[in-house]
Amino acid sequence: VQLQASGGGLVQAGGSLRLSCVASGRISNTYVMGWFRQAPGKEREFVAAIFWRGGRAYYADSVQGRFTISRDIARNTVYLQMNSLKPEDTADYYCATSGIVSRNLRDFDSWGQGTQVTVSS
């Protein structure tokens, strides 16, 4: 599976952004698609994930209630709507696929390139 992420940018605190990740290749075995982020000097961390077929989502506590993950199967695309952004949300955001339900980045095998999100105070 190949993944192409886009939609990052510079936004003021309190603002919104929507990230997109388009999948191509053999996605039929994809069970979960997720978003991770990595801030400078920090480890990559789980943000949100969605069951590709069923659509159920789960989130990191730090973004619960502010971020929404969704998917469009016809477009092979997963989205991350980010509202009420905070400076601590600043990071490179990555999409990834997994064959199991997990929040652990080691369980995600296909990764897109990062898209940078910067939130100014």
Pairs flagged by disulfide (SG to SG under 2.5 Å) wherever residues 10-107 is involved - sequence neighbours left out = C21-C95
Sub-3.5 Å donor-acceptor pair from the side chain of Y93 to the main-chain atoms of S6, do we have one?
-> no
Give the minimum heavy-atom separation between S16 and Q81, together with the two atoms involved.
-> CB-NE2, 3.9 Å
Hphob cluster co-occupancy, F67 + L10, side-chain heavy atoms under 4.5 angstrom = no
For the student: nearest non-hydrogen atoms of A23 and L3, plus distance | CB-CD2, 3.6 Å
Check each of L17, L19, T115 against L80 using the side-chain contact (heavy atoms from CB on, under 4.5 Å) test, and report the only one that passes.
-> L19
Residue pairs meeting ring pair (Phe, Tyr, Trp, His ring centres under 6.0 Å), one or both in residues 7-38, sequence neighbours left out, come to Y31-F51, F36-F46, F36-F108, F36-W111
If you group Ile, Leu, Val, Met, Phe, Trp and Tyr by side-chain heavy-atom gaps below 4.5 Å, do V101 and V47 land in one group?
-> no
Checking side-chain contact (heavy atoms from CB on, under 4.5 Å) for the pair D89/V117: CA distance, chi angles, key distance, verdict?
-> CA-CA 8 Å; D89 295 317; V117 172; 5.5 Å; no
From I50 CD1 over to R56 CZ, what is the distance, rounded to the nearest 0.5 angstrom?
-> 10.5 Å
Side-chain (T30) to main-chain (V32) donor-acceptor, under 3.5 angstrom | no
Hey, is the main chain of A60 close enough, under 3.5 Å, to the side chain of S62 for a donor-acceptor pair?
-> no
Approximate separation, where rounding is to 0.5 Å, of T68 OG1 and N83 CG | 6.5 Å
Would you find a donor on one side and an acceptor on the other, under 3.5 Å apart, between the side chain of S98 and the backbone of D107?
-> yes
Under the salt bridge (charged side-chain N to carboxylate O under 4.0 Å, His left out) rule, collect the residues that match up with D109, sequence neighbours excluded.
-> none
Pairing residues for R18 by the salt bridge (charged side-chain N to carboxylate O under 4.0 Å, His left out) criterion, not counting sequence neighbours | none
Contacts satisfying side chain to side chain donor-acceptor pair (under 3.5 Å) that involve residues 43-55 (not counting sequence neighbours) are R37-E45, Q38-R44
Under 3.5 Å donor-acceptor, R71 side chain and T77 backbone | no
Backbone N/O of T97 and side chain of S110: donor-acceptor pair under 3.5 Å | no
How far apart are the C-alpha atoms of I69 and Y79, what are their side-chain angles, what is the distance that settles it, and do they pass the side-chain contact (heavy atoms from CB on, under 4.5 Å) test?
-> CA-CA 6 Å; I69 188 171; Y79 303 99; over 6 Å; no
Taking all heavy atoms of Y94 and all of G112, pick out the closest pair and write down the distance.
-> CD2-O, 3.5 Å
Once you round to the nearest 0.5 Å, how far does CD of Q12 lie from OG of S121?
-> 9.5 Å
Compare every heavy atom of V22 with every heavy atom of R75, then report the nearest pair and how far apart it is.
-> O-CG1, 4.3 Å
Which heavy atom in N104 sits nearest to a heavy atom in S102, and how many Å separate them?
-> N-OG, 2.8 Å
Could you walk me through whether R66 and M82 pass the side-chain contact (heavy atoms from CB on, under 4.5 Å) check?
-> CA-CA 6 Å; R66 299 188 298 122; M82 306 185 295; over 6 Å; no
Side chain to side chain contact (heavy atoms under 4.5 Å, CB included) partners for Q116, two or more places apart = D92, T118
